[in-house]
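Here's the structure, in structure tokens; my notes come after.
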Amino acid sequence: MERTLLQWRLLPLLALIAALLYIFFASPRSFQGNNKKCSLLPHDHYWISSKRIVTPDGVISGSVEVDGGIIVSLVKEVDWHKSQRSRVKVIDYGEAVLMPGLIDVHAHLDDPGRSEWEGFPSGTKAAAAGGITTLVDMPLNSCPSTVSPETLKLKIEAAKNRIHVNVGFWGGLVPDNALNSSALESLLDAGVLGLKSFMCPSGINDFPMTNITHIKEGLSVLAKYRRPLLVHAEIEKESEIEDGSENDPRSYLTYLKTRPTSWEEGAIRNLLSVTENTRIGGSAEGAHVHIVHLSDASSSLDLIKEAKGKGDSVTVETCPHYLAFSAEEIPEGDTRFKCSPPIRDAANREKLWEAMMKGDIDMLSSDHSPTKPELKLLSDGNFLKAWGGISSLQFVLPVTWSYGKRYGVTLEQVVSWWSDRPSKLAGLHSKGAIKVGKQADLVVWEPEAEFEIDEEHPIHFKHPSISAYLGRRLSGKVVSTFVRGNLVFREGKHASDACGSLQLAA
Ligand SMILES: NC(=O)N[C@H]1NC(=O)NC1=O
Ligand SMILES: [Zn+2]
Ligand SMILES: [Zn+2]
């Protein structure tokens with residue numbers, strides 16, 4: 001009698017011990033240490049299979065093994081033995097493309113200080129939904145601007161536990177710090193991935209423009225750190241019309257005339273007068289100049305090609321909106337399309353695509369630069385007064401693909417423009433490729449799947465109404481996004497916790 005009683009008392013205890021042993025030894029590892037809310041997948045060791053994996057050695061059919069956020073093996077379908085996959089989870093995506101996640105080196109998340117414009121949570125959710133696994137935040141449009149270690153610290157604080165993808169930061173090169181090498185060094189020591197400056201007014205009071213002397217001095221400091229300077233290359237010159245006041249401000253052509261190609265050409269000519277210092281043996285060897293959002297595909301691009309030919313360390317990006325839209329198509333008063341430099345005519349767009357296909361333009365970025373709808377003046381439609389900036393973050397992959405298809409864009413080119421080159425520019429060497437040892441930042445997408453960006457389509461950035469892509473039909477649907485092995489987005493749903501990591505330069 002007493003013995004049975006003892007057995008009955010012991011039984012629950014034994015069950016509890018067995019349950020604990022199961023949790024520690026048999027269940028997926030993410031239950032032990034990782035916060036499973038970071039991922040929609042309760043495993044941190046698994047395989048992903050796809051018929052189209054974009055690797056540095058071409059597109060293969062096979063499987064990628066991810067463990068602890070790292071790509072630990074990559075096996076072609078023919079070499080993949082059943083024994084290898086017997087013990088861990090396999091996610092088979094079939095014909096969907098598996099690619100490195102996109103790295104967007106040019107986004108304005110406006111946090112802290114103007115989070116009513118965007119903010120880290122909404123901006124990084126939009127990124128995850130668009131297959132972007134890392135973005136580098138611009139130093140302006142937040143308040144304060146990122147121009148010192150103290151202001152970088154505010155960014156880092158604001159981003160903590162609020163980012164759904166990885167985020168790095170560019171610091172600002174402004175007249176206040178440009179001629180003070182110790183100020184610049186302290187900003188670089190604090191972890192910015194490089195610097196950014198404007199050659200014309202930026203539209204933000206606490207981010208003044210630099211002149212060529214500021215830029216030259218900045219480059220000599222950057223050389224020691226081997227980090228880049230990103231430049232908004234437009235310079236104010238006489239334009240066909242001064243402020244457009246005699247022209248209809250609701251006409252896109254009026255705005256276009258206020259920022260002619262000579263603004264880009266003039267800035268680039270001026271900028272390239274100092275980039276010879278970045279050549280091997282030059283006084284700023286190790287520094288690099290990256291021209292952001294090129295719009296003019298004529299003389300400006302010719303100058304860049306010439307400088308590259310001479311050995312200057314120079315690269316250039318353009319943005320999907322310059323490749324998708326043309327001035328002729330922009331409706332009267334539709335300020336969603338206002339950005340600087342402006343979207344030019346269809347012949348220029350054609351030349352931009354030619355340059356992409358030839359490799360004369362190195363990479364793409366979103367230049368996602370939102371604001372609150374009131375400042376877009378959508379009801380007024382005044383192009384001269386509205387905020388300049390395009391909201392696009394979530395759609396850059398399908399836009400690149402949809403508009404690039406007619407030029408024969410390949411999956412490898414998409415990876416080069418959106419992952420490989422950007423990873424090198426930002427010094428993120430553990431990212432940007434599906435290769436053993438790299439971080440498991442991945443996107444799975446269906447290039448053939450079409451969708452409409454209508455009212456029903458979930459848009460995650462803060463102000464969908466100002467997006468220039470509303471109403472467009474695109475092809476290329478993002479199915480899943482993995483950030484350091486965490487499945488952060490799947491079929492319209494995000495993981496609940498924001499577990500992206502900060503990318504600070506060491
Ligand atoms: N301040 C700011 O974001 N400006 C950006 N907007 C835009 O259209 N071009 C830019 O440089
Ligand atoms: Zn700019
Ligand atoms: Zn920008």
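Worth saying up front: this structure is predicted, and the values here are computed from it rather than measured. Counting starts at 1 for both ligands and their atoms, following the listed order. FYI, the numbering just counts along the sequence from 1.
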Among all protein heavy atoms, pick the one closest to atom 8 (O) of ligand 1 and tell me residue, atom and distance.
S340 N, 2.8 Å
Return a yes/no value for G388: is any of its N or O atoms, backbone included, closer than 3.5 angstrom to an N or O of ligand 1?
yes
Should you measure from each heavy atom of C339, which atoms of ligand 1 turn up under 4.0 Å away?
8 (O)
Under 2.8 Å from the Zn ion (ligand 3), can any N, O or S atom of H293 be found?
no
Go through the steps to decide whether D248 and T254 satisfy the test side chain to side chain donor-acceptor pair (under 3.5 Å), and finish with yes or no.
CA-CA 6 Å; D248 179 6; T254 302; 6.0 Å; no
Name whichever N, O or S atom of H232 ends up nearest to the Zn ion (ligand 2).
ND1
Give yes or no for whether the N/O distance cutoff of 3.5 Å, strictly under, is met between K338 and ligand 1.
no
Tell me: protein heavy atom nearest atom 5 (C) of ligand 1, and distance?
S369 OG, 3.9 Å
Is there a heavy atom in F198 that sits closer than 4.0 Å to ligand 1?
yes
How are the rings of H460 and H494 set to each other: parallel, tilted or perpendicular (split at 30° and 60°)?
perpendicular
Answer yes or no: does an N/O atom from W387 fall short of 3.5 Å to an N/O atom of ligand 1?
no
Looking at S202, which atoms of ligand 1 are within less than 4.0 Å of one of its heavy atoms?
1 (N)
If we number the atoms of ligand 1 from 1 as shown, the ones under 4.0 Å from a heavy atom of N141 are 1 (N), 2 (C), 3 (O)
Applied to residues 167-222, the ring-ring contact (aromatic ring centres under 6.0 Å, His included) test, sequence neighbours excluded, yields F198-F207, F198-H232
Any ion pair linking R269 and E265 (charged N to carboxylate O, less than 4.0 Å)?
yes
Heavy-atom pairs closer than 4.0 Å: do any link ligand 1 to the side chain of H293, the backbone, both, or neither?
side chain
Degrees at the Zn ion (ligand 3) between the NE2 atom of H108 and the OD1 atom of D367, nearest 10°:
100°
